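Beneath this line is the structure, given in structure tokens, with notes to follow.
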Amino acid sequence: LEDDLLGILRQKKRPGLTWNPGREQIKGGMTGAQALLAVTDILILNRNEALTFTGAKNPEEALKKLSKAGVRYVCITDGKNGTVATDGRTLYRCPVLKGVKVKDTTGAGDAFGTGLTWAILSGKNLQNGLRAGTINAASVVEAVGSQAGLLTDIEMQHRLETANLDVEEIPFTTNGQLTMDN
């Protein structure tokens, strides 16, 4: 299956790949996943998964390793601490939405990934993708179950326009290399 997937993803006109590695893939680490990482458009991991998968000491180091492996957008979620991400040139920090009344966290990570992917497929930049993912995840945790709070296209458009959610941008590229000095 992976060989077939790689064949499709290596084509010039191809669908994009959003990947959230599973438990066994995470335990296996980056070494066995180099080919798939090189064709991944959006990689989403939580903090613990990212550190285990990369062997990094912190999320910023994990972002650097995964970006160097060829991933277009790398996102590391960290619950109430929000999300850090990179497009290979800029480090983005997206906080959680304030005032969210958490009822059930089931499906929050999947909702984040769905919102982020929706935004990128809709032509939005990574900064707005992080906002969309955060907004969708916040909506899901305010309901019980993994699907009850998922937003429609129209609801997401409205919430993107009205949400008070600023994503911090920190350039961290020198000569095309991630430096992580910031």
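For reference, positions follow the sequence shown, starting with 1. On a predicted model such as this, the values are computed, not experimentally measured, just so you know. All values below come from the heavy atoms of this structure, side chains included, with hydrogens, waters and symmetry mates left out.
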Among pairs that include at least one residue of residues 19-35, which meet salt bridge (charged side-chain N to carboxylate O under 4.0 Å, His left out), considering only residues two or more places apart or in two chains? E24-K27
Could you check D41, V71, L43 and say which one makes a side-chain contact (heavy atoms from CB on, under 4.5 Å) with W19? L43
Nearest heavy-atom pair of [X] and [Y]: which atoms, and what distance?
X	Y	value
A111	A137	CB-CA, 3.8 Å
E142	G99	OE2-O, 4.3 Å
V96	T134	CA-CG2, 4.1 Å
A119	A132	CB-CB, 3.9 Å
D104	A143	CB-O, 3.5 Å

Atom [atom1] of [X] and atom [atom2] of [Y]: how far apart are they, to the nearest 0.5 Å?
X	Y	atom1	atom2	result
T86	E60	OG1	CD	10.5 Å
R72	L37	CZ	CG	16.0 Å
Q25	E49	CD	CD	10.5 Å
D153	Q157	CG	CD	5.0 Å

Tabulate below the donor-acceptor pairs under 3.5 Å that side-chain atoms of residues 76-85 make, not counting sequence neighbours, or state none.
{"from": "D78", "atom 1": "OD2", "to": "N81", "atom 2": "ND2", "distance (Å)": "3.3"}

Tell me yes or no: between the side chains of T117 and T18, is some donor less than 3.5 Å from an acceptor?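 Yes, side-chain donor-acceptor contact under 3.5 Å.
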For [X], which residues count as a side chain to side chain donor-acceptor pair (under 3.5 Å) partner, sequence neighbours excluded?
X	result
N128	N125, R131
T31	none
T52	none
E155	T152

Cluster partners of [X], using ILVMFWY side-chain heavy atoms under 4.5 angstrom, listed by chain and number?
X	result
L97	V100, V102, W118, I135, V141, L151, M156, L160, L165
V140	L150
Y92	I42, I44, Y73, F112, L116, I120, L126, L130, V167

Are D166 and P95 packed together at the side-chain level, in the sense that at least one heavy-atom pair is separated by less than 4.5 angstrom?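 Side chain of D166 against side chain of P95, heavy atoms only: no contact under 4.5 Å found.
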Just wondering, do L66 and T40 contact through their side chains at under 4.5 Å, heavy atoms? no
Who pairs with A35 by side chain to side chain contact (heavy atoms under 4.5 Å, CB included), at least two apart in sequence or on another chain? L6, R10
List in chain and number order the residues that pass side chain to side chain contact (heavy atoms under 4.5 Å, CB included) with A56, two or more places apart in sequence or in another chain; answer none if no residue qualifies.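 L51, T54, E61, A62.
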Please check: side-chain N/O of T106 versus main-chain N/O of S146, any donor-acceptor pairing under 3.5 Å?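 Not at all, since once roles are kept as given, no pair shorter than 3.5 Å links the two residues.
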What about V39 and L121, same hydrophobic cluster or not, with Ile/Leu/Val/Met/Phe/Trp/Tyr joined at side-chain heavy-atom distances under 4.5 Å? no
Salt bridge present between E169 and R89 (N-O < 4.0 angstrom):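 Salt bridge flag = no for R89 with E169.
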List the residues meeting salt bridge (Lys or Arg N to Asp or Glu O under 4.0 Å) with D110, not counting sequence neighbours, and say none if there are none. none
